[in-house]
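Report on one structure; see the data block that follows.
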Protein chains: 2
Amino acid sequence: MTKIKESSTYNANREIVMQECPVTYVMNKIGGHWKPIILYHLLAGSKRYSEIKKSMPHITEKMLIQHLKQLEGDNLLVREARPVVPPYVTYTLTEAGRDLETVINAMAAWAYKDMDRKTQIIP
Amino acid sequence: MTKIKESSTYNANREIVMQECPVTYVMNKIGGHWKPIILYHLLAGSKRYSEIKKSMPHITEKMLIQHLKQLEGDNLLVREARPVVPPYVTYTLTEAGRDLETVINAMAAWAYKDMDRKTQIIP
DNA sequence: CATGATACATACTTTGGGGTAAGTACTTGC
DNA sequence: GCAAGTACTTACCCCAAAGTATGTATCATG
């Protein structure tokens, strides 16, 4: 008798909204705290796992691979492992991933503009 | 004795990353499921509360005002209430809010391109 | 006088993203 | 022979965001 949910409005939305709203579509791929940052770092070129880790000192290893896997699943990057030891794994953006540069840049541009607006109001 | 966290890496990040990463800065303002959609609808022009609600059938009233308040707090929109009864409240984007059109459009453009890529691979 | 419209508010519950901690497999260097 | 580096994996926990449900104030209209 306490089962009112089943698939909930949340998931209903996910389905519906994904088809209607392109913004949500993007958010589902690059949303969250880490993904855009990972993409940002990879826009500079391919990197191996340890390099990404070094450029993001605050991320935990779990979060890092978790998101790398998801981004790979969403075809935003490809993983290449050379069968050597110690392992040598590189991550490279796909075309879809590189195309996100426009989005990332638009965001960055807005962010700097908005930060400016703020500091101008303070005095 | 179970308090290991205090402010946690999460919040440490929020602080640090906000200053370093413009993308995260944006995400903190327009991230989440609903905000970009609200903004999207308001880009077409000012709307009153009930109109926004109608254009987003799947959002709950709680979520709607909650995010409207946050967007107002972040200076992305302004709320104007006429002191009549029944209440008449309109929401309008600020300059900062309208400037997000670039970001939203870049996202939409990418989304459509990405959807195309997918449908081309399927057959 | 109670029902409906409008624009919320508030209490309570659930879910999943993010975090912590520890372990694995393989080899090179001391 | 064991510590250290590389690229993960696994188990478990916590909290904030999202969702559910219900209540509020005001007046107009039947």
Side-chain angles (χ1 to χ4, degrees), chain A residues 1-14 16-17 24 27-38 46-72 77 79-91, chain B residues 1-14 16-17 24 27-38 46-54 56-73 77 79-91:
Chain A
M1 206 51 72
T2 336
K3 218 195 154 193
I4 312 164
K5 310 204 75 191
E6 308 242 270
S7 76
S8 82
T9 52
Y10 187 82
N11 292 315
N13 278 324
R14 246 178 137 97
I16 296 159
V17 139
T24 307
M27 284 308 200
N28 275 303
K29 304 216 164 204
I30 67 167
H33 268 303
W34 300 114
K35 282 183 191 167
I37 309 176
I38 295 172
S46 302
K47 285 192 178 176
R48 54 187 298 202
Y49 179 79
S50 54
E51 286 180 307
I52 305 178
K53 222 180 74 181
K54 263 166 221 156
S55 47
M56 302 174 63
H58 302 294
I59 198 173
T60 61
E61 301 196 41
K62 181 199 162 195
M63 283 296 105
L64 184 51
I65 9 159
Q66 195 176 98
H67 288 119
L68 285 171
K69 295 252 152 113
Q70 285 174 22
L71 291 169
E72 198 194 353
L77 51 79
R79 193 191 98 111
E80 281 171 294
R82 287 185 199 36
V84 295
V85 74
Y88 194 99
V89 181
T90 53
Y91 290 91
Chain B
M1 207 66 43
T2 338
K3 220 197 156 192
I4 311 164
K5 307 205 77 189
E6 307 243 272
S7 76
S8 80
T9 52
Y10 186 82
N11 292 315
N13 278 324
R14 245 177 137 97
I16 295 160
V17 138
T24 307
M27 285 305 200
N28 275 304
K29 305 216 163 203
I30 68 166
H33 269 302
W34 300 113
K35 283 183 191 166
I37 308 178
I38 296 173
S46 302
K47 286 191 175 176
R48 55 184 298 200
Y49 179 79
S50 53
E51 286 180 308
I52 305 179
K53 223 181 70 180
K54 263 166 222 156
M56 302 175 62
H58 302 292
I59 196 171
T60 61
E61 299 195 44
K62 182 201 166 195
M63 284 295 105
L64 184 51
I65 9 160
Q66 195 176 97
H67 288 119
L68 285 170
K69 294 253 152 110
Q70 284 173 24
L71 290 169
E72 197 193 355
L77 52 79
R79 194 191 98 111
E80 281 170 296
R82 286 186 199 36
V84 295
V85 74
Y88 193 101
V89 182
T90 51
Y91 291 91

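Every chain is numbered from 1, with letters handed out A, B, ... down the list of sequences.
Applying the salt bridge (Lys or Arg N to Asp or Glu O under 4.0 Å) test to B/Lys54 and every residue at least two apart in sequence or in another chain returns nothing. The salt bridge (Lys or Arg N to Asp or Glu O under 4.0 Å) search around B/Glu80 returns none, not counting sequence neighbours. In this view, B/Glu51 satisfies the salt bridge (Lys or Arg N to Asp or Glu O under 4.0 Å) rule with no residue, not counting sequence neighbours. For A/Ser46, the side chain to side chain donor-acceptor pair (under 3.5 Å) partners two or more places apart in sequence, or in a different chain, are A/Thr92. Residues passing the side-chain contact (heavy atoms from CB on, under 4.5 Å) test with A/Val89, sequence neighbours excluded: A/Arg79, A/Ala81, A/Tyr91.
The side chain of A/Tyr49 has D/dA7 as its nearest neighbour among D/dA7, C/dG18, C/dT6.
Here B/Leu68 contributes atom CG and B/Glu61 contributes atom CD; the two are 11.5 Å apart, rounded to the nearest 0.5 Å. Distance NE2/B/His58 to NE2/B/His33: 13.5 Å, rounded to 0.5 Å.
Put simply, CG on A/Asn28 is 13 Å from C1' on C/dG17, counting in whole angstrom units. Rounded to an integer number of Å, the gap from A/Ile37 CD1 to C/dG17 C1' is 14 Å. Summarising the geometry, the separation between NZ on B/Lys62 and C1' on C/dC8 is reported as 13 Å, rounded to the nearest angstrom. The NZ atom of B/Lys35 sits 13 Å away from the C1' atom of D/dA16 (whole-angstrom rounding). Rounded to a whole Å, the CD1 atom of A/Ile59 is 14 Å from the C1' atom of C/dT20. In this structure, B/His33 places its NE2 atom 10 Å from P of C/dG16, rounding to the nearest Å. Straight-line distance from the CD1 atom of A/Ile52 to the P atom of D/dA7: 10 Å, rounded to whole Å. A straight line from CD1 of B/Ile65 to C1' of D/dA21 spans 14 Å, rounded to a whole angstrom.
For the pair A/Tyr88 and C/dC26, the criterion of a side-chain N or O lying under 4.0 Å from OP1 or OP2 is not met. Between B/His67 and D/dA18 there is a side-chain N or O to OP1 or OP2 distance below 4.0 Å. Checking the phosphate oxygens (OP1, OP2) of C/dT6, no side-chain nitrogen or oxygen of B/Arg48 falls inside 4.0 Å. Contact check, A/Ser50 against D/dG5: no side-chain N or O comes under 4.0 Å of OP1 or OP2. Using a 4.0 Å cut-off, no side-chain N or O of B/Lys53 falls inside it from OP1 or OP2 of C/dT6.
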Can you build the contact string for nucleotides 22-30 of chain D? Use B for base contact, S for sugar-phosphate-only contact, and - for no protein heavy atom under 4.0 Å. ----BS---
